[in-house]
Each structure stands twice: as C-alpha cells, then as structure tokens.
Amino acid sequence: MSHFSSEDESSLQSMVRQLLQSIKERLASAPSVECAEEILLHLEETDEHFHNYELVKYLQHYIKSTLGSVIEEETEKCTIAQSQGEGPGYDTLVHHVTRRTRESKEYAEMMHSLKNVMMAVVESLLNKFEEDQAKNRELHKKSTFEQHTGRYSDNCSDSDSSFNQSYTFMNTEQLQLIAEQLDLSQPVEVRREAMQTLCSAPPSDVLKCESWNILQKNLMLSLADPDSTFTERILRFYAKTFSSSPLSMAREVFTSLAKHLELSFISREYSKFLLSNGIEITNPEIVRLLKKIRLLNDYQKEAPSFWIRHPEKYMEEIVESTLSLLSVVQDSSSPSQIFLDPAFFMALIDPKALWFKKWMHAYYSRTVVLRLLEKKYKTMIVAAIEQCFYYFESSKEGFQENSKTTVVPQHIYTKQKTFYTRRELHYLYFVHSLSLLGKLLIYKHGRRLFPLKVKNRKEVISLSDMVVLFVNIMVYCPNGPKRALGTYTGYYAPSTLAMEALMMLCDCKECAGECLYTGVVVDTLLGPIQKLLKGKKVHVNCDENTLTYIADILARIASTEGGRSLLLYGEKVDCAKDSIVGAHTIAHFTKKLLDEDIPALAQSEVLALLKSTFIFVCRQMYHTCEGLHVFIPYRLHECIAEAWRKTAFLSERTPTPVAGAASLSSESQESLGTELWEESLLDNLLNFTATPRGLLLLQQTGTINECVNYMFSRFAKKLQVNRCEKFGYGVMVTQVAATASGALALQRSGYVQALVTDLWSALECGRDDVRHIHPKPTPMDPIDRSCQKSFIAIVNLLSSYPPVYELLGKQDLSSKEEYSLREMPTSFADVFDRIVVINSDAKRSSLFNYEQSHMFGLRLLNVLCCNLDTLLLLESQYKVSDILLNAQRENVIESSTGLGNIIIDALSVERNHILIRVNVIGGPNERVLPPRSLIENNDPYPWPMFSSHPLPKCYMSEMCLKNDLKQDSEIYKNLFCKNVDTKPNWLENCRKLFCKTIKTKPDELSGKFCGELLEKYVLYLGQSPSNCCFGHLEYTDVDTQYQTLTAVQQLGVKIVIRYGRHLGILADASTSEQGFIQVLKQCESYLNLQQSGPNSPLRYLQGSYPGHDWFASSVFMIMLGDGKKTSEFLRIFSRLLASAYLWLPRLHMSKHLPDNIAQSGIHPIYYCTAHYIEMLLKSEVPLVFSAFRMSGFTPSQICQHWLSQCFWNYLDWIQICHYIAVCIILGPDYQVYMCIAIFKHLQQEILQHTQTQDLQVFLKEEAINGFQVGSYLEYMESLEQIYRPMVLKEMRNSVIQ
C-alpha cells in the first residue's frame, strides 16, 4: 500500500461509497452521531451481508496478504513448542498468536499504511461529496444506454491482482458465440480471441448464461491444449471465478477442473513422468500441471470458510470430485515403472495436507468426507497407509542411509529447488499421508473406517496397528545428523511428524482410549527402553532426541486415568494385583538414568533433558496414590533428592553470570542449565506431596523446606503446576499443611505471612490498585467475596491439629494497649489477637471494618473449634469461651432495672452458635446447634442467648440409652454362655454373629454388652502371638499421685465427663472424673516407656502426645466409666495392629516406628489410612474425589480430623461404638472402608457444596446425618473382598520395622 496510485484510491472510494449506500437507511435513522458510530462498530453482528461488501473483502485480502506469513510462522512456533511441552495450551494458542502478530513489525507498518490511505480516501470523499452525487445521477441516467457496452472496475478483493481489470458486459448471443468459438474444431486464433473476450466478461454472467454447459465442456477440453498461453488464460478465468463467484457457481468450475485432471491421469497423459526419474518442476508440462493442482488446492483450503452458508450438495460435489481425483491409481506393468499419481503432485503442493485438516475441522464437512471415504474412496486411505508402511520399512532396512536428503522449507536455501528425486517424492507423499491419517484417526467416524485390508499384507490393519506404525516411524526412521544441510530436520523430520500425530491422538480423550491405551502400543514405546536396560544396542536412528519424544508420549498417556491404569496395571485393571511391565520399566529406566548407569547414554549431551523428561513420566504416576503404591519399591524420591543435592552443590561452586555482559560464556550457560535442572528436580520432588504417603517420603529425604520454598515462589507467581495438571498448587498446599513439619516449612517459606498479608489487605485495607469512585458497599454475606479465598486457604492450612499446634501452640497473644492503624499482622497468632479475641477497646478501634473483620474471625474460630483438639488448645491458651461470654454480657440493652436482653445482631448470633458448639458435645441427634440466620416473624431469633453457665437445656437433646445386657439375644447366647471358651473358632463365629447383629439389630450392640464383647474379643486376640504386632512390655502400676495432666487434657476430661453424663452413661461425675484421670495418667506412663527421645525442631514432638486421648475417652465410656477395665483393655489392646490406627497416642514418637518416621511427626493414620482412603475413593466414588480436587481440599484432611477424635460430634454415640467395634472385630482396614462409605453417603451434599465453594466448611461444621454403620456394613464387606490383601498388608508394614 506504500505505492498507492490514484486508480487504487478511486477504487477504494467506490468501495467505501458502496458500503455507505448499503447502510444509508440505518445511518439516517440514528438519533445521534454516537449512535451512528455504534451501528458501524457492530455492523458485522447486525448485517448478514457484511462479508459481501467489496470494502470488507478488500481489507480481508489485504490483511491476509500482509500478515499471513507472520501468522503461519507464529502458529508453527507454538505447535513445536507444544510438542516439546513448553508452549501454551490449545485453549490459549489463538490468543498467543494474535498477541505476537499484533506486536510484530509487519502489523505496525500495515496499520500505519492503512490508516494513512483510508484517511486520504475519506478526506477525498468529503471534499467531493456533491460532485460524486452528481456523477452518480449522471451514470444512472446513462446506465440503460450503456448496458451492453459500458465498463466498470472490478473491485473484488478476493481476486488475484492480475485480475483487477475492467469487465465487459455481454448478452446471451455473445456468450453463445464465444462458446462455439472455443470448440476444439475452431482455428487456434479464433479460440484465443474468444478466450480473451471471455476473460473480460463477469464470471457471474458467464456461469448464469444458457450456453454455460457447452462453454464448460469446451473449457475443460481446452485445458489439455499444449499451448501454455491458452491454458493460462483458462486458469485465470477459473481463478477469477473462484475469487468473485458464490459457491453455487464456483463449484461447477472446481468440479470441471478436478474432472479434467482425473481424466488426464486416467488417460495416461502424464505416463511419461515416472517416479524413478523424479520431477523437474521447470518442465513446461509439469509447470502447467502444478498450476492446475495449485489452483485446485487453493480453493480446497478457502472453500471451508464459507461453504456452510450453502446447500450441502454443493459442498459434497467439491469433496467427491477431490476424493475421486486423489483415488486415481495408474497401474504399471513393471514395478520399476511406477507412474506419478495425483496424490504425489498434491503432496508436492500441500505436503502437510492442510486442505484435509480444514475439511475435517467442522462437523458439517467432516460428516460428508467420512461418509464418502467409507462408501467409495477407501482406496485413498489404503494408499496412504501403504505409503507410510513403505517409508517405514525402507527406512528401517537402511535403504536411505546413503541419501538422507528430503524436502525442507525452501527458505533454508539461497537457490530455489527445481528437481525432486524419487526418494524426495516418496517422502513428500509419506508426509502427506501421515498428516492425513493422523487427522483421520482423531474422529470417531474416521476410526470406524478401520480395520482395512492393505495390499501385500496378510492381516487387516487395525487402529492399534496404525498407532504402532506411527510409533515405529517416530523411533526408527532417520532424523539425520544435527545441523547437516538437507537432512530430515525441523518440522519435516519423520520423528517430529509422527510425534505430532501421536500427540494429537493423546490430546483427544476418546481417541486415545481406543487407539493408544493398548498393551501393544505401550510395548512398542518401551521397546528401546527395554533394550537399553538389558544393555543391548538400539537402532541407529533411535537417538537421545527420540527417547525424549517417547517420554513425551508416555507422559501424555500417564496423565489420564485410562493411560495411567494401563501403565500401572496392564490392560486388566485390578489395583489389588501386582502390576506388569509398563510402570516398572519406566521406573527402573529412570532410576538408572539418575544413577547414570546406562553406558549407551553416559556421554550424551542431553542427558539432563533425558532425565527430566522421564522423571516427568514417573511424576504423572507417583503423584497419584495408586501410582505411588507401584513406585515406592524403586525409591525414586531418594534418587531425585540425591541428584538435587549434587546439582545444588555444583551450582554453589559455579560463578554467578555477570549482568550486562554482551554474551554468555560457556560457564555462564552451564550455570543457567544447572539452575534449571535444580529447579526441575525440586519440582519433581514437590509433586510427591500430592498424596499423604508421598508427603512422608518427601519428609524422609530432608528436602521438604527447599521444596516448599520452591512451591511458594511459583505459587506467588500463580504459575501452573505442569502442562498436564488442570489444577494449581492448592491441593499440594493443603496436603503439606496436614502435618506439623509441613506447616513449619510453610511458615519458614513465607507462605503463612503472605497469606496473612493478603487476608488483611482484603479485610481491612482493600486493593491499592483499584480506584474507588463510589463507596464500597456493605457486605451482605457473613464473609465478603473478596475475603472468601483467604478464608478457605486458612481453613485448609489449619484443618488438622498438628499444624495448629505447631503454629499456635504455646504462642501468647500480644494484647497491646494500643495498635497502630498501619500495623499489619504477620502470623496466625496476630490474626487471632486482632479479629478473634477482641477483648479491649484498643482492638476494636484499630479495625476499619470492625463488624466485618470480627465476623470473619468468629467464622474462622467456629470452623477451627470443630476439631476438638484445636478447641481444647484455644480454650486452654486463650480462654475463648470466657471471652465470648463476656462479649455477650457487654452486648445488652441498657435498662434502669439492670442488665437487659442481649442485643440480637450478626455478631451475637454467631457468638451464641460458637458457645453452643464448644460447650455441648454430641452427634447429629444428641445436640441442637442454633442457626445463624433470622426468621421473618415477630420473634426473629427464638433461640435463647446466654452470657453465663449453665447453658439452656433446649440445646441438649434428651437421651435414653439402654446399658443392660439382653441375655436372650442370639449373639449373647452364642458368645457369652457357659463353656464358650472350649468352643473352637470362637473368633470367627464372633465376627459372623457381630455382622449379622449390627445389620439386623444394631441397638443390641450398645451399652454394657458392647463393652463386654470388645473386652472378651481383645482378650482372645491378645492370647495369640500371631495376632499381636507389638511385643509385650512389662509394666507395673506406678504411683501417679505426683503426675499431672496438661491443660488440654484437663479440659478434655471435663468434656468427656459432661458428654457421658448427658448420655446417661456415667452416673457420678466426681467418681468418673477421678477414674478417668487415673486412666489417662496410667496410659501416658505406659506409652512413655515405648517412646524414643525427641530429636526434632517440631514443637509438636516436644514431650508426650500434645492432644487429648479421644480413643481412651471412648473406651472409658464404653466400659461405663470403669477405670480398671479401661486400663486393662488398653494395655492388651496396645499389642494389636488396630491400636496403631485407632489409638493415636499409641505411636506418638514410638520406638516401634522407624526413626525417620517417628521424628517426622506424621502419624500412620495419615500416611497409611488416609493415603488408601484417597486411593480407594478415586475408584469407588470418583465424583467425590473430583469434587475434592476442584475444591483444593483433600479427603485425607477431613478423614484425619474425623478419625483422630473417633467421630465425636459427627456421629451419635451408638454409631461411634459400632465404628470402634467394627475396626477391632473385623480388622483395622475397616477404618478405610468406613470413610469410603461415609463419602458415598455424603456424595450429593459434597457435590452441592463444591459448587458453592464451601466444601471444607461443610465437612467440618456439619455432622454426618443419617449414617448408620450397620446399613453400610455390606458395602464395606464388598470393599474388603477387593482391597484387603493390599490395604491390610500395607497397614501392617507401615508400623512394623
């Protein structure tokens, strides 16, 4: 546009004038100039003829011609980056290319030129408006007179520049005469003159004339004319028709051209061109042929953009004529004389089959293409398959070793290529075929074409055979030496092409399931790896780059459920059985790579990249519970940690690159590479935290602090976990925060301080980068949306007791006399001091938004107090109950008679709810929690508020539990009658009768009978050494008179006695309290004998178990407050495996655990029970598992919460008794099965609260309504049949050295 002539300006003026004339009425009806501008801005949305305007066509053509190469180049770069795992995802590809294009130099120049030209055009139009109007009226008067002789300018923007010439209008007689003159019987000069005249006529008039059929026939026959000038004119006419005519007319020209080419090949017109001789593209005949095919191909690629606007039959004619042409195969009498078929020439013009890609993109055209391929043109697909097999077999056998040259992009050479050899033509056809087949397999109906019978092969070709072929091409076809001119490089390397095809298949879930997830495909991918493991020599073409390609494909397979199951368990998915070769081969190879124990790769320049890619494959598996179960024996976490230590040591010795240096030295480049490798290793170690057992393994490596620091650095930048992971670091943070060591690492990394800062900014300060034009509205929700994310993050972090104790234990509140308005909290203790424990005017006045901030603090306190250990800690340290009661006393209506009623507001209602929650213990039917909302009537809050003890009785449900023995029951007669000790198989009979009773008459298993049953059963188990996991420890009762309980234990005792009195289990409060205190002291003395000395910086591991013993509390109540029975029961029970999982203090820093596990502070209930809960949940209740993933919360967190307090406050007492009895009598693995049953029971509520984004709060605050152990026992038994061999074995191995 820089050379813009006056003719071009006149043409543009005409186009602008045409556009304005078309929308003149709409512009005239606009009430203002602004409305007229809006009409123009939204013209594409409102005007169905928008794309038919000449100006629009012109601009489209101009933009495409100017920026087309830039867009294609950026698209190819992104595609390659995606194939190497570095580029954006497919969902961001368009945005990325658009952004890069807009930033390009070509775009800036185009906009500058276009702006100047259009300004000149518009200015000229404004200056000559009246004159143009007069000219238009004059032309209109003369239009009738000049109908047959007048001329006008062709302003079609879609036409080629060579066709921008004037048109001559012709009548029917003139066109009929031209048709006759184009007959082959006419003299050459007459035909030339007729063709010249025809080219000056509008194509639309020609195609609509009555003599078009004769004209079309003569044009098609004339295309075979040896006169290149004459055929050139016909092709110009065809090109003009394609660019300026609708599909209904252009299709006839297209089919005519395709039919001409098809007949030419069938008639052996080009039989003298043999494949063995190659092609010289400067040959005049080849030039004419390539121009025809090029014109055909151009329209193939353009037609899909508009054929949906026309009847399907038009599109079907174009598709069928193309497929018919490409299906032509010229049979030869001799194998050495192979003729060049149309497919070879199409591959020369369009190597990557872009036409087919565009045709298959939309369902509208894809349906027609696949239907025609299935009914008529399967031979075209068969030919493509044969070509791929031919290339692969010839490459593998070394036929191309002496000549590895092939077609590469022409911009590599300074001189244009003019001759293509036989091998190059074969390779082009192979590229075309591979691209076509790869696109075909993506779609369901394309896969239905298989299996296919291929010539010279005994068996039919299935989908798996095709994928195996692609893999073999990627692995065994030559890539050529690096940087060698003319070798297979870049986008056209066979391995790259095959990898792209395989990645397309991987990215389509349904397609991958049908094609890739088969044993034969995995075996083919792992073939070179198995050879390297055995020390055998791999194929010469299978180099390190090929191995990285294999790793990329395996990583994509392992990133999906179906592919991961195939690698872990083989084609028969059964996670209870040993897995087969897939995952084990990868793990073994990766371990040897890290140890540099593969001689063939020892000197590789890309060894670090190779290690990284295969670790990434393993990571796709070990970041899941089922994958980690398979990978644990290989101890990859230790290998990766050791590699990181070596790399970190090298990076410390490498000098830091000098900033501002002109170029990087080799040492600086090595330093950058070492730094990237170090980060990659930390990233891979970090992914072990995705599972509870993986977190323990990471803790054992001693790198948890470095990994959490790395995670925080990426988390702060909001970076994606990896290209295959949909969710961010939320799940990992939650998993890490479930342990004391993880919480300490998060605090040291700065995550806790950053979280507190973000919370305070949202709660009190607001965002600094937002301009507030209007006052901020008062939040209607208890927690404003701007603070919801911070609230959930804190709940996730403080969900379990160990991190709460680590971060808040023994931490005093500052309680200053004065707080600066600019003073921000930096820890959770500061947050509690500022917005939870508000017990002074100084704290109130320091808050800008007192009510909102305090409500946030109260809601957080309410969630934290759902964990009974956390409740006891906060109560013992901060006296939160007294502070809340005092706040209620201060919030009263003043009256002359003294204290009045408590004012009902949001804060007082929330405080009332918390006070009931912390002072009343019980399951869903044993206590009444007041709602937090008001009702619309005369008494908006009918629940009584209080500011001192005792609590109103309306919050405690009336309980009437039967504690007597039913001696006439079946289970009593069989298990407690005389001479029962002499009966064989008593334990087995006990289990059967127990299961039968709990299913049919669950009420019989409560009270005194439940205690007697458990006491006798444990006694029987303890008598057999085979049932005992822990040795007998000689212990004599010591004087516990001078032994004191911690403040947490003392408060816990009061809660237990209060609950027992409420249930009617404990008769005398004072006697029961003294008996229970004695039980706790004896248990602590007994367990201290089995503890190892602390050697850890964790506050959680300093001294005895820092929480309350809820299992001992439960047993004490089951034994109806009998302290002696309770102590004796616990002493025998401590030898059994079940004690390790039901009784948390049992293994606190225990000598029975390996030292590294004991010193980590991670309990088996987390790294074993919770781990297998997550593993089984994924397969048994997948919707619930997915809901947890989306919420950023983990099943292990809430299960650790439930199990650590024996479901107190979540189940009614009788269900708690049944839970303990089931785990003792039927086995500790029922602890896992019961949690799965609870999740199944809560499935609908979990899915609902996932949508409302409060799943964590729901699971912690709400009791488990309607759940009965007996009702789900049959389901738990079915889980036992499947998973017990694995789960019980791991539970035993996890706690025994």
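All figures in this text were calculated on a predicted structure; none of them were measured in a lab.
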Could you tell me if Y1105 and N1088 have a donor-acceptor pair between their side chains, going purely by distance under 3.5 Å?
no
Run the ring-centre check on Y1275 versus H1241 and record whether the distance is less than 6.0 Å.
no
H1201 ring center within less than 6.0 Å of Y1210 ring center:
yes
With sequence neighbours excluded, what pairs up with R932 under the salt bridge (charged side-chain N to carboxylate O under 4.0 Å, His left out) test?
E910, E1261
Sequence neighbours left out, what passes side chain to side chain contact (heavy atoms under 4.5 Å, CB included) with N705? Give chain and number order.
A745, R748
Looking at the rings of W1202 and F1239, which for Trp means the six-membered one, are their centres under 6.0 Å apart?
yes
Contacts of E1180 meeting salt bridge (charged side-chain N to carboxylate O under 4.0 Å, His left out) (sequence neighbours excluded), chain-then-number -> none
With sequence neighbours left out, the residues meeting side chain to side chain contact (heavy atoms under 4.5 Å, CB included) with L1098 are A740, S741, L744, E806, S1096, L1101
Looking only at side chains, do S1196 and Q735 share a donor and an acceptor under 3.5 Å apart?
yes
ring-ring contact (aromatic ring centres under 6.0 Å, His included) filter on Y1167, not counting sequence neighbours, yields none
Name all residues meeting the side chain to side chain donor-acceptor pair (under 3.5 Å) criterion together with Y1230; count only those two or more places apart in sequence or in a different chain, and write none if there are none.
E1280
Any chance CD of Q1253 has more than 12 other-residue heavy atoms, nucleotides or ligands included, within less than 6.0 Å?
no
Quick one: which residue pairs count as a salt bridge (Lys or Arg N to Asp or Glu O under 4.0 Å) with a foot in residues 1194-1213, not counting sequence neighbours?
none
Who passes salt bridge (charged side-chain N to carboxylate O under 4.0 Å, His left out) against E1262, sequence neighbours left out?
none
Assess the side chains of W1213 and S1006: does a donor N or O sit below 3.5 Å from an acceptor N or O?
no
Using distance alone, with no hydrogens and no angle criterion, decide if Y1166 and T739 have a side-chain donor and acceptor under 3.5 Å apart.
no
Taking the ring centre of each residue, are F1111 and F1133 less than 6.0 Å apart?
yes
Who passes salt bridge (charged side-chain N to carboxylate O under 4.0 Å, His left out) against D833, sequence neighbours left out?
K843
Pair S800-Q1200, side-chain donor/acceptor within less than 3.5 Å:
yes
Relative to F1030, does R1146 satisfy both conditions: NZ or CZ under 6.0 angstrom from the six-membered ring centre, and within 45 degrees of the ring's axis?
yes
The criterion is side chain to side chain contact (heavy atoms under 4.5 Å, CB included); which residues satisfy it with T1126, sequence neighbours excluded?
V1079, V1115, F1116, M1119, L1130
Checking side-chain polar atoms at under 3.5 Å, does S1294 have a donor or acceptor matched by the opposite partner on R693?
yes
Exercise: do Q1090 and H1152 side chains pair donor with acceptor under 3.5 Å
yes
Partners passing side chain to side chain donor-acceptor pair (under 3.5 Å) against S1278 (at least two apart in sequence or in another chain)
none
Residues that H913 engages under side chain to side chain donor-acceptor pair (under 3.5 Å), provided they are two or more places apart:
R917
Using distance alone, with no hydrogens and no angle criterion, decide if D869 and H1108 have a side-chain donor and acceptor under 3.5 Å apart.
no
